[in-house]
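Note on naming: letters A, B, ... go to the chains in the order of the sequence lines (proteins, then strands), and numbering restarts at 1 for each one. Computation of the quantities below employed the complete heavy-atom set of this structure, encompassing side-chain atoms and omitting hydrogens, waters and symmetry-equivalent molecules.
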Amino acid sequence: MPLRDDLRTVLLIGSGPIVIGQACEFDYSGTQAAKVLRRQGLRVVLVNSNPATIMTDPEFADATYIEPITPEVVAGIIERERPDALLPTLGGQTALNVTTALHRLGVLDRFEVELIGADVEAIERAENRGRFKQVMEDAGLAVPRAGYARSAAEARRIAAELGYPLMIRPSYILGGGGTGIAANPDEFNDLVDRGLTTSPIGEVLVEESVAGWKEFELEVMRDRADNAVIVCSIENLDPMGVHTGDSITVAPIQTLSDREYQEMRTEGIEVLRAIGVETGGSNVQFAVDPASGRRVVIEMNPRVSRSSALASKATGFPIAKIAALLAVGYTLDEIPNDITGATPASFEPALDYVVVKVPRFDFAKFPNVPNVLGTSMRSVGEAMAIGRTFPEALQKALRSLENGRFGLNADPGEVAATGLSDEDLWRAIGLPTPARIFQVGEALRRGQSVDAVAAQSAIDPWFISEIDGIVKLREELEAGVPTRITLKAAKRAGFSDRQLGYLWGLTDEEVRSRRLQEGVITTFKTVDTCAAEFAAQTPYLYGTYEEEDEVPPADRPRVVVLGSGPNRIGQGIEFDYCCVHAAFALAEAGYETVMVNCNPETVSTDYDTSQRLYFEPLTTEDVLAVVAAEKPEAVIVQLGGQTPLNLARPLEAAGVRIAGTTPASIEMAEDRRQFSALCRRLGLNLPPHDVASSAAEAEEVVDRVGLPVLVRPSFVLGGRKMRVIYSYDELASYLHDLYGDPAEAETTKGPLLIDRFLEAAIEVDVDAIFDGAELLVGGIMEHVEEAGVHSGDSACVTPPPTLSEAASKQIVLATEELARALEVRGLINIQFAVKGDEVFVLEANPRASRTVPFISKATGVPLAKLAARVMMGATIEDLRGEGILPPAGSGFVSVKEAVLPWDRFPEEDTVLGPEMRSTGEVMGIASDVGVAYAKALLAAGHVLPSEGTVFMSLADRDKPVGLAAAQAFAILGFKLVATPGTARFLSHHAIEAEVVDKVGEGPDDAPSRIEAGRVQLVINTPRGGRARSDGRLIRRAAHRHGVPCVTTVQGALAVARSLRSGPAATLRPQSLQEWQSST
Amino acid sequence: MKAGGLLVTAEGDAFAGVSVGAEGMAVGEVVFNTTMTGYQEVISDPSYAGQLVVMTMPHIGNYGVAEADMQSPAPAAAGLLVRSLTNSPTGWRSEGSYGEFLAAHGLVTLAEIDTRRLTRYIRSKGAMPAAMGSDLSESDLREAAAAAPPMTGLDLASVVSTKEPYRVEAVGERRGLVAAIDLGIKRDILAHLTRLGLEVVVLPSSASSEQILSLEPDGLFLSNGPGDPEPLHEASNALRGVLGKVPVFGICLGHQVLGLALGARTFKLPFGHHGGNHPVRRLGDGRVEITSQNHGFAVDLWSLASSNRPASSGSLASADMLPERVETDFGPVEPTHQNLNDGSLEGLRCLEVPAYSVQYHPEAAPGPHEASALFDRFLELMEV
Ligand SMILES: Nc1ncnc2c1ncn2[C@@H]1O[C@H](COP(=O)(O)OP(=O)(O)O)[C@@H](O)[C@H]1O
Ligand SMILES: Nc1ncnc2c1ncn2[C@@H]1O[C@H](COP(=O)(O)OP(=O)(O)O)[C@@H](O)[C@H]1O
Ligand SMILES: [Mg+2]
Ligand SMILES: [Mg+2]
């Protein structure tokens, strides 16, 4: 069954901003789908509010809507574009939910849009847990026993029937939010109470807990002819009870016999049939009782997922691409396997290597959140590694995480586990945390048996025994010396040079040169879907230590692009976007591009993106091995964020040519002392500042600089541990915190930077390219929130709406001077603070910034592509001549808004500050700021009221601007209520506001009003002291009850402005292609 | 320290590892298997007689050994090559360590082999004789490998076949009697037959048609097995005497013997099909099955066709790579299944006599449980 001939236009829905549980994997899937559908001659219409995606680059679709993904907006797009079909399975839960809503609203029927990939019935059957269980039982498949409850009493009755432990899930909650396992009635009542209130329909599912069982996943594909294949089988090292997204996972399955595996395989396919997934990929999860082999189906997702991205990268089988082809008519046997070119996609990949995925967490940014892992996913990213064996892959994955570890212990970071007492260590092993894997290693080193550790951790003994192998080898190595035999054994078990150096008291370089002398050299093997049964056409490689190397010869000059590693807060998809652009641009310019990255979610790790893909950790050692194999002209470190930038120096020291801006210049910009001297020389303004290296020195500096101050430990991206300090008391407790915290020793080793905090300053971001002679300003972005809110967390607008001509000029001049002085070749990002016409430089980053994709969309100028060429020696003039530098300029306004992960961290205060905590961003485009901002807010998930009551509680310093906002709300007809001080201030300025009780001082305080549904919008800016914790209660109440909460006055003002344009304005979608051609 | 181990091929190329199984030397044809589970089923499958098996899955032995997984009483392969052998098994089904099992059964086994290099080698040079062992010199091994006979022309089925007939009871209600010619039969095939209520009399490979017919069976089954089908004249002659009188079902080597009995020729594939992921199209309804495979030879249906094999079109295997229908002494024969990786024949049926066969393994063990309906079909043909 070839391509259907009745389809012309297909609508693809993306997944919107990056949030925990939904990240760049959907850019990978959407991009694949858009590409392949267009290649089939179909017209592709695409909606996604996330500007940092490759899929929303205008050349990937015929009409690209960077618009909020709400049913109303998508309905508008459908009305304009009249697609024949909607493919909802590639944009995560977001796309599925919007699709279901569009169906309910009758939009799909009205405009005769056919759902392809999955129909509403199938989505319902899979998504509604009650129906899912019924369908499974009808198909003869076992599921955990369970019952639904709408009251606590009902829940207790079910509990009595099933017995403890129990899993509780609120109904209709996204991504495991509010779920948990109760071991006893106390925990149970707690979870049930919370669940009943958080569930929008006041219902919880009480389910037999199978925590501790083995957890497995199958990635299944099925076509309309009922052909089905298992693309990949995945085993979770962490047992049931830890969300798969937070588990260390291994592919393929290691601990099931053929019989058990094949039965699971048959059931996996049966699940798709029963649910009615006619075409496409689904993820099916199973739990298996290790004692009896009893197996139950846990859930299935009738769409591509993060696991399917992992499976695609783990096997070389591009699930999303194939799913798209199946949706438009093909069957699996009609689609060739890209990698072999000669065999069909109707087969099951055979792996001759082991893949390990390790999640990355950012708990340090959310100090109030316990780091125990559970059934609700909280990791922000992941690294994947490929090795010939599990120990090798595990150690590679651990060093890929970039959190200061170099493998499974045998590194300086092992003190965290070696420092524990035997009892503490043993207890720790019983508790799933990000540190557990290292603790397991340490317990084995202390002589605990494999079986005991397996029993205590509920991790399968096979994994424990393989880890024990690592530990035993470590002991042998420690007792020995570097020889060809020991080096080879160590490298084959995945030990990094750093670990070996640690064991032998040598530097990395010494280990490395010794190793090369002994001829222990990385060999690269191909990921080929077929365990070498057929020849592979695509060079998708991983490093290991074997007898044969498979790097194919090359006939063109090569450029290595270093990716950005696992996603984390502060470094995510934006950097991957830049790397992908570099790969595209340099390939066009005749280079063979070589990508190195270890993040399985990304477009950069699609074997289609560059000519060669090395799925490897981003450490000096691993990158040098790739460089030795490829002998590139240069290595690009500017585009992947801090990760590759940190490698610039060591790579250069090893004789590697770094493309563009030199490591010395990078260092000059990053080092506060050097940078400050540079600015002084150039006559540029910096906020008063100094550097301290001890607590005592810090106080002196503050005396000199003057309060308030902004303090930050150096060399950290995303503003970790960065704080605004208003008093000496605050300073003292911060310093104690910082220097008293041994776990942070690594980051506080560098100097502490202290700047005068500029109050009420406008923050401005600039992205530019410099080629040595000419400066190309990509764009100037004015932040909505004032300086003090991290640039990654604040909204921004381009072109800048309020910046004076004079300030703009100064900013461009300063950018050029800095670029010239830093000898930038490629990108530079500078953040400024503007007070009136006075411009201060906050920082300069001679690299791609988070805003490059946004600004590229806003202006139509592909900055990362141009930058890659400039780094390789082209001039801006050359690029203009080639016609790849379109004239900049936009007749529209673009707003970027940040998206924060509060729903995953209910314990955390929602206030914004200089430490970045957002996970993603959205873009709103319109012809005026108000509408663009309103679109951005809507896209970020803030549903603003059009009438009702606004609650205000402002810090003194915020009151003047707050007044303007209050006036605006009053004019819009909102009723105002305020805390006593704020109300007094407003009435003083002739604005009426009802006074509410202070928190806890009356029955009618703000939290109670919010809970009672009497407040529709909260404006609460933080203050120190008691007000701060009051504010916290208010913000938490707002958050719990889904009342939008604005924590800055600038934000409040912008909200008021956007409300002025009325809700209808956000419903006028227009494609990026239309916007860009209207200029 | 484990003893060093070495494999040397007939062409003189060496692959180093460590010896983890029995001492001594093993000689045979070196082939690779890409299945990711079922190492024990593989090694005990009599079809691997005379072969040194490379498992491409790096970790082998993870879930130990279980008697229920054995396909014959003992390992049948001549030797085993793996990347990493696990000696501390996991799982409720495990009855012991795989390494100890291999040593106890005297199977020469090498670990720490660059199995991917070896697989690529076999893929590009073809399956060839090799010798392996621990603490043996490279030159000794090379000599042994060079002296080893090639697989082509080898009758190994008669070596592994039962010498005496034996009877296996039906499970549940007995519905009929099947005579099975044992060319190296797997236990799971017997299990499939008996689970259908069939009593099975297993006969040696030398069984004649008279012997078969004297049992008055409801059907004749031809089993899988090792080696080249061409020398199996006894079995194909016996079959010719039975065709048309009793419904016939053949699997793997049994399929090849049916092909020979029908007058077709067989040929050696460059490196065979050994794994659990091969797509096979059912030519009747176009559906694709993911199959378990283990064979080095294939039936050439073109040898019976009046036209020549056309040049292949397109990049993927297509149905026109097989003749639509061929004429034989037993009437017309149709291809029923096709391998989608290389277009080769995976199944056939006679249109005028009740006989059909498949090249792959519907009994799985190891492999996907997708094709077991082929056994039901046998029951239907027998009309029992
Ligand atoms: N009945 C159960 N008992 C114990 N743990 C469970 C149970 N059901 C699910 N889990 C755990 O919770 C995690 C999330 O549940 P799942 O049903 O997969 O929801 P989702 O992936 O949609 O968040 C699973 O990965 C598993 O570890
Ligand atoms: N002197 C200052 N006065 C006011 N705000 C500042 C000052 N310096 C930095 N900030 C704020 O802190 C945020 C983070 O600081 P920045 O130096 O950009 O760190 P990062 O490297 O994390 O991006 C900035 O976006 C800005 O809002
Ligand atoms: Mg799940
Ligand atoms: Mg910054």
Side-chain angles (χ1 to χ4, degrees), chain A residues 225-230 233 252-263 265-266 289-293 331-334 336 340-344 346-354 388-390 450 454 460-463 465-466 468 492 523 525 530-535 546-548 550, chain B residues 15-16 32 34-41 56-59 62-64 66 68-69 83-84 86-94 112 114-117 119-124 271 273 275-279 281 285-290 315-317 340-342 364-370:
Chain A
D226 195 27
N227 299 317
V229 296
I230 310 297
S233 70
I253 288 175
Q254 297 292 333
T255 68
L256 290 183
S257 65
D258 183 64
R259 262 162 229 261
E260 293 170 291
Y261 170 69
Q262 299 299 346
E263 284 169 11
R265 176 188 181 278
T266 305
D289 182 355
S292 67
T331 50
L332 284 163
D333 51 322
E334 291 172 335
T340 65
T343 56
S346 54
F347 80 112
E348 302 192 341
L351 278 56
D352 59 1
Y353 47 83
V354 177
R388 284 278 282 154
T389 60
F390 170 72
V450 167
D460 189 279
W462 186 80
F463 293 111
S465 92
E466 290 293 315
D468 194 44
R492 278 164 76 86
T523 52
K525 302 251 175 207
C530 60
E533 184 170 2
F534 306 101
E546 288 278 24
E547 292 181 339
E548 185 187 41
E550 298 174 22
Chain B
F15 297 79
F32 63 84
T34 62
T35 186
M36 296 190 285
T37 51
Y39 49 81
Q40 194 187 345
E41 289 89 329
T56 63
M57 170 81 172
H59 289 284
N62 306 13
Y63 51 85
D69 292 342
R83 173 64 178 78
S84 174
T86 302
N87 270 321
S88 64
T90 182
W92 61 282
R93 296 179 76 247
S94 172
E112 303 294 320
D114 184 348
T115 50
R116 184 169 167 91
R117 176 186 160 220
T119 302
R120 280 162 52 89
Y121 179 88
I122 298 167
R123 177 186 88 209
S124 56
F271 50 86
H273 298 157
N277 68 345
H278 282 238
R281 182 180 284 137
D285 62 4
R287 274 283 306 281
V288 180
E289 285 172 356
I290 304 301
S315 64
L316 295 182
L340 295 185
N341 283 341
D342 61 7
H369 297 173
E370 278 192 28

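Heavy-atom minimum distance, B/F271 versus A/E533: CZ-O, 3.4 Å. In terms of heavy atoms, A/E260 sits closest to B/W92 at OE2-NE1, 2.9 Å. Across all their heavy atoms, B/L316 and A/D333 have their closest contact at CD1-O, 3.6 Å. Heavy atoms only, all atoms of each residue included: A/P349 and B/N277 are closest at C-ND2, 4.3 Å.
Results of the salt bridge (Lys or Arg N to Asp or Glu O under 4.0 Å) test with B/R116 over A/E550, A/E548, A/E547 single out A/E550 as the only residue that passes. Looking at A/R265, A/Q262, A/Q254 one by one, the single match for side chain to side chain contact (heavy atoms under 4.5 Å, CB included) with B/T37 turns out to be A/Q262.
Contact count against chain B (heavy-atom pairs under 4.5 Å) is highest for A/T389 among A/D468, A/V450, A/T389. Top candidate by heavy-atom pairs under 4.5 Å with chain B, chosen from A/T523, A/V354, A/L256, is A/L256. Taking chain A as the reference chain and counting heavy-atom pairs below 4.5 Å, the highest number among B/D114, B/L340, B/T90 is found for B/D114. Put simply, of B/V288, B/T119, B/I122, the one with the most heavy-atom pairs under 4.5 Å next to chain A is B/V288. Of the residues considered (A/S257, A/P252, A/G293, A/P344), A/S257 shows the highest number of contacts with chain B, using heavy-atom pairs under 4.5 Å.
In this structure, A/D258 contributes its side chain and B/G367 its backbone to a donor-acceptor pair below 3.5 Å. The backbone N or O of B/T56 lies less than 3.5 Å from no partner atom in the side chain of A/D352, so there is not a single donor-acceptor pair.
Annotation: the span from B/T115 atom OG1 to A/Y353 atom OH amounts to 13.0 Å, rounded to 0.5 Å. One finds the CZ atom of B/R287 at 11.0 Å from the OG atom of A/S346 (value rounded to the nearest 0.5 Å). One distance of note links CZ of A/R259 with CD of B/E41; it measures 6.0 Å at 0.5 Å rounding.
Between A/F534 and B/H278, the angle of the ring planes lies from 30° to 60°, which puts this pair in the tilted group.
Both the backbone and the side chain of B/T34 come within less than 4.5 Å of a heavy atom of chain A. Proximity to chain A (any heavy atom under 4.5 Å) is shown, for B/F15, by both the backbone and the side chain. For B/D69, the parts sitting under 4.5 Å from any heavy atom of chain A are the backbone and the side chain alike. With a 4.5 angstrom heavy-atom cutoff, B/Q40 does not touch chain A via any of its atoms. Residue B/S124: no heavy atom, backbone or side chain, is found under 4.5 Å from chain A. Residue B/A68 touches chain A through its backbone alone, counting heavy-atom pairs closer than 4.5 Å. In this structure, no portion of A/I230 lies under 4.5 Å from any heavy atom of chain B. Heavy atoms of B/M57 lying under 4.5 Å from chain A belong to its backbone as well as its side chain.
No side-chain donor from either of B/S84 and A/R388 sits under 3.5 Å from a side-chain acceptor of the other.
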